[in-house]
**Q** 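One structure, as structure tokens, below. Some questions next.
In this text the structure is predicted, and so the values were computed from the model without any measurement. Order of the sequence lines fixes the chain letters, A, B, ..., with proteins taken first and strands second; residue numbering starts at 1 for each chain. Values below: all heavy atoms of this structure, side chains included; hydrogens, waters and symmetry mates excluded.
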2 protein chains.
Amino acid sequence: MTSTRISPTPRELLRDAGLKVTAPRLAVLLAVERAPHSHADSLFAAVRGELPGTSLQAVYGVLGALTTAGLVRRIEPATSPALYERRIGDNHHHVVCTSCKAVEDIDCVHGAAPCLTPSSSHGFVVEAAEVTFWGLCPRCQANPGAARAASAPPVR
Amino acid sequence: MTSTRISPTPRELLRDAGLKVTAPRLAVLLAVERAPHSHADSLFAAVRGELPGTSLQAVYGVLGALTTAGLVRRIEPATSPALYERRIGDNHHHVVCTSCKAVEDIDCVHGAAPCLTPSSSHGFVVEAAEVTFWGLCPRCQANPGAARAASAPPVR
DNA sequence: CCCTAATTTTGATTTACTCAAAACACGTGT
DNA sequence: ACACGTGTTTTGAGTAAATCAAAATTAGGG
């Protein structure tokens, strides 16, 4: 009995989400898996490696579809373009380096999903909480001069 | 005794920050005070009302200077342009309406500044934590059809 | 009141992304 | 196995938000 239940293949992921299986979609899915927290441009570069005909707009289209289908999560830290990752479903957060913009995952502070509840929500029905930590990554701590793209606002 | 210590005038704020006092700066400061969570464009519109010669670039320049000086705080919720507010120093957070993008302040969940500490920070030296809640504002709850500018991703 | 550095204006440019029409291909039905 | 329809991708253009740079202007110390 070869179980079909052990981590679905990219094909299955797409099919199960009701999306057609296409080469660009498989390639983007793989690229995001390999390099989490990538932006559209670098995914485009990665995809071009194995599928030279692909257009940047296709990558944007695929990322939109995958995000809508819930196969991929989009984050948008201040001052960065949108980043994509495959780790979904758990509610995890991110640390962003104020100097070089490197991103790492942070497990949810309080365990599962509703890890935060606003004190007073002004009548809003709150569906989600998003947490971004800002700091200096190990590399930039060691190498203080080398700010790659400064101006990220550490909230204050 | 008319105390000089009660909330500094805009002039004083600028001077104390080592910035020259100029009409555009006073106007932007006032406009942000009046309409918190405004973006550059709408501040530009407001400023134009009382100071017709002002350029959009000047508004961007002023906002940059005020932000650097810590007189104004910049936030950038996903899918919105940068927003500015005068409430600073306290570490407060925001709820953003997923439908109309309205923003409200939320007091820090755990009291003062270090209201969150990442469980494992991958060697980052964390300086700040930023929390954004996503939900439906009262108006959009009552008026479900009227999505003003959809596509804000409720994190998932 | 003058002078200099900071600020603002004017004008061009970049980045990240969206829109639309035409060509193409996945996969359902036969 | 094959055609057909719709969803996808390509091609090409366009937009919003913001940044960059040089020239003109102005705040405010001396």
**Q** For residues 16-28 of chain B, tabulate all N or O donor-acceptor pairs below 3.5 Å that involve a side-chain atom, not counting sequence neighbours.
**A**
| from | atom 1 | to | atom 2 | distance (Å) |
| --- | --- | --- | --- | --- |
| B/T22 | OG1 | B/R25 | N | 3.3 |
| B/R25 | NH1 | B/K20 | O | 3.0 |

**Q** Under the side-chain contact (heavy atoms from CB on, under 4.5 Å) test, which residues partner A/Q57, sequence neighbours left out?
**A** A/S55

**Q** With A/T68, which residues qualify under side-chain contact (heavy atoms from CB on, under 4.5 Å), at least two apart?
**A** none

**Q** Note the angle between the end axes of the helix from C/dC1-D/dG30 to C/dT30-D/dA1, five pairs defining each, rounded to 10 degrees.
**A** 30°

**Q** Sequence neighbours left out, what pairs pass ring-ring contact (aromatic ring centres under 6.0 Å, His included) with at least one residue falling in residues 15-41 of chain B?
**A** B/H37-B/H94

**Q** Using every non-hydrogen atom in the two residues, find where A/F124 and B/C97 come nearest and quote the distance to one decimal.
**A** CE2-N, 3.5 Å

**Q** I need the residues from residues 26-47 of chain A with at least one non-hydrogen atom less than 4.0 Å from DNA chain D; give them sorted by number, or say none.
**A** none

**Q** Between atom CZ in A/R25 and atom C1' in C/dA25, what is the gap in whole Å?
**A** 12 Å

**Q** Expressed as a whole number of angstroms, how long is the span from A/R48:CZ to D/dT10:C1'?
**A** 11 Å

**Q** Would you list the pairs meeting salt bridge (Lys or Arg N to Asp or Glu O under 4.0 Å) in which at least one residue belongs to residues 26-37 of chain B, sequence neighbours left out?
**A** B/E33-B/R86, B/R34-B/E50

**Q** Once you apply a heavy-atom cut-off of 4.0 Å, does A/A65 come out as touching a base, just sugar-phosphate, or nothing?
**A** nothing

**Q** If you compare every side-chain N and O of A/T22 against the phosphate oxygens of D/dT9 (OP1, OP2), does one of them come in below 4.0 Å?
**A** yes

**Q** Counting N and O atoms only, with roles assigned by atom type, does the side chain of B/Q141 sit under 3.5 Å from a partner on the main chain of A/G123, one being a donor and the other an acceptor?
**A** yes

**Q** Please answer whether the main-chain N or O of B/T79 pairs with a side-chain N or O of A/E76 as donor and acceptor at a distance below 3.5 Å.
**A** yes

**Q** Restricting to pairs with a member in residues 35-44 of chain A, which pass salt bridge (Lys or Arg N to Asp or Glu O under 4.0 Å), not counting sequence neighbours?
**A** none

**Q** I need the NZ-P distance between B/K101 and D/dA17, as an integer number of Å.
**A** 10 Å

**Q** Is it possible for you to say whether B/L63 and B/V47 belong to one hydrophobic cluster, with membership spreading through side-chain heavy-atom contacts below 4.5 Å?
**A** yes

**Q** Expressed as a whole number of angstroms, how long is the span from A/L63:CG to C/dA16:C1'?
**A** 13 Å

**Q** Going hydrophobic residue to hydrophobic residue with side-chain gaps under 4.5 angstrom, can you get from A/L30 over to A/L66?
**A** no

**Q** A/L19 CG to C/dT28 P: how many Å, rounded?
**A** 13 Å

**Q** Expressed in angstrom and rounded to an integer, what is the separation of A/Y60 atom OH from C/dA20 atom P?
**A** 18 Å

**Q** For B/E85, check salt bridge (Lys or Arg N to Asp or Glu O under 4.0 Å) against everything at least two apart and list the hits.
**A** B/R73

**Q** A/P24 or B/A82: which one's nearest nucleotide on DNA chain D is closer to the 5' end?
**A** A/P24

**Q** Near DNA chain C, under 4.0 Å by heavy atom, which residues of residues 51-59 of chain B?
**A** B/G53, B/T54, B/S55, B/Q57, B/A58

**Q** Are there over 12 heavy-atom neighbours, none belonging to A/R87, within less than 6.0 Å of that residue's CZ?
**A** yes

**Q** Under the rule for side-chain contact (heavy atoms from CB on, under 4.5 Å), what residues qualify as partners of A/A46, not counting sequence neighbours?
**A** A/A31

**Q** Report yes if at least one side-chain N or O of A/R15 is closer than 4.0 Å to OP1 or OP2 of C/dC26; otherwise report no.
**A** no

**Q** What is the separation between atom CZ on A/R74 and atom C1' on C/dT18, rounded to the nearest whole Å?
**A** 12 Å

**Q** Could you list all N or O pairs between the protein and nucleotides 24-26 of chain D that sit under 3.5 Å apart?
**A**
none

